[in-house]
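When a ligand or atom number is given, it counts from 1 through the structure's own listing order. The residues of the chain are indexed from 1 along the displayed sequence.
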Amino acid sequence: MLGRDRTQWIAVATTWRRCDTVVTVPSASHPRLDDSGGTQGEVLLDAPRIAERIEQLAGEIGAAYPDLVRPLVLVCVLKGSVFFTADLARALRIPVVMDYIAVRSYHGTRSAGTVELVKDIGMPLQDRDVLLVEDIIDSGLTTSFLLDHIAHHRPRSLRLVALLDKQARRLREVHVDFTGFRIPDRFVVGYGLDVDERWRNLPDVRTLDGM
Ligand code: IMP
Ligand code: MG
């Protein structure tokens with residue numbers, strides 16, 4: 001059979017399986033940021049640092065829910081929190097379920113401060129322990145809208161985790177229960193964060209100069 005005996009085919013199949021698990025991203029293929037109007041940004045948080053902090057956050061969050069009756073509901077805010085929620089969910093050692101909410105924010109140029117619900121949560125939240133998972137808090141308008149909205153569902157408890165916090169730009173007071181990193185007042189992209197839908201897939205968080 002094609003000049004190979006059974007043992008050789010098993011060896012080939014094993015090699016293929018091993019190859020499947022080895023995933024490397026050559027750094028040369030990382031997209032550059034300078035075709036989006038800004039210049040090449042600097043790495044603010046690299047992927048290992050983000051991963052390390054998420055492990056710590058998962059420990060803090062797990063310790064804050066010693067008396068869970070039902071799985072914690074992670075509410076992921078589309079689209080920016082997708083990567084953070086996925087990594088946090090896998091780092092948590094408590095039972096979780098996930099749901100998704102989407103909003104559109106208009107700042108400055110159009111109707112300043114208006115937040116519009118684009119997609120509501122799918123599951124009933126009444127009497128559930130809910131953790132809102134945000135990518136970044138900037139003015140605080142989006143997060144406070146979301147917290148008010150979820151509170152109307154009368155959850156058993158409602159807490160907030162944010163990967164990034166730009167406190168310098170706050171317009172609305174928001175109580176953040178768990179914070180990943182406090183960052184300076186710079187526009188950042190990567191690890192879910194975008195400008196015009198771009199750069200979400202960067203593994204690290206970078207500043208976008210010129211924004
Ligand atoms: P808010 O100003 O706190 O309401 O933030 C509104 C939204 O603006 C966030 O959920 C993000 O989607 C987006 N945003 C704020 N700052 C940044 C940033 O530095 N990079 C990318 N998106 C941002
Ligand atoms: Mg955005």
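The closest approach between a heavy atom of T143 and any atom of ligand 1 is not below 4.0 Å. By the 4.0 Å heavy-atom criterion, V189 is excluded from the residues contacting ligand 1. Contact analysis leaves V115 out of contact with ligand 1, as no non-hydrogen atom separation drops below 4.0 angstrom.
The shortest N or O to N or O distance between D138 and ligand 1 is below 3.5 Å. For ligand 1, the polar-atom distance check against T142 finds a nitrogen or oxygen pair separated by under 3.5 Å. The shortest N/O to N/O separation between V188 and ligand 1 falls below 3.5 Å. Remark: ligand 1 and G140 share an N or O pair separated by less than 3.5 Å (distance only, no angle test).
Counting the atoms of ligand 1 from 1 in the order shown, those under 4.0 Å from a heavy atom of S139 are 1 (P), 2 (O), 3 (O), 4 (O). In the vicinity of L193, heavy-atom distances shorter than 4.0 Å reach the ligand 1 atoms 21 (C), 22 (N).
Between the side chain of T207 and the backbone N or O of E42 there is at least one donor-acceptor pair closer than 3.5 Å. The backbone N or O of L44 lies less than 3.5 Å from no partner atom in the side chain of R186, so there is not a single donor-acceptor pair.
The ring-ring contact (aromatic ring centres under 6.0 Å, His included) analysis of residues 129-168, with sequence neighbours excluded, yields the pairs H149-H153.
Among the candidates L131, L158, V97, the single residue satisfying the side chain to side chain contact (heavy atoms under 4.5 Å, CB included) test with V73 is V97.
In this comparison of I136, L78, D185, the heavy atom closest to atom 9 (C) of ligand 1 sits on I136. Of all the listed residues (R172, K166, R186, R169), K166 holds the heavy atom that lies closest to atom 16 (N) of ligand 1. Counting only non-hydrogen atoms, the option in L171, L141, V103, D135 that gets closest to atom 12 (O) of ligand 1 is D135.
In this model, a donor atom of one side chain and an acceptor atom of the other lie less than 3.5 Å apart for R53 and Q56.
Residue D194 holds its CG atom at 3.5 Å from CZ of R200, rounded to the nearest 0.5 Å.
With sequence neighbours left out, the side-chain hydrogen bond (donor to acceptor under 3.5 Å, both in side chains) criterion links K119 to no other residue.
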Inset, instruction - Output, in order, the C-alpha distance, side-chain angles, deciding distance and verdict of salt bridge (charged side-chain N to carboxylate O under 4.0 Å, His left out) for R170 and D165. - result: CA-CA 9 Å; R170 201 69 97 247; D165 190 350; 2.7 Å; yes

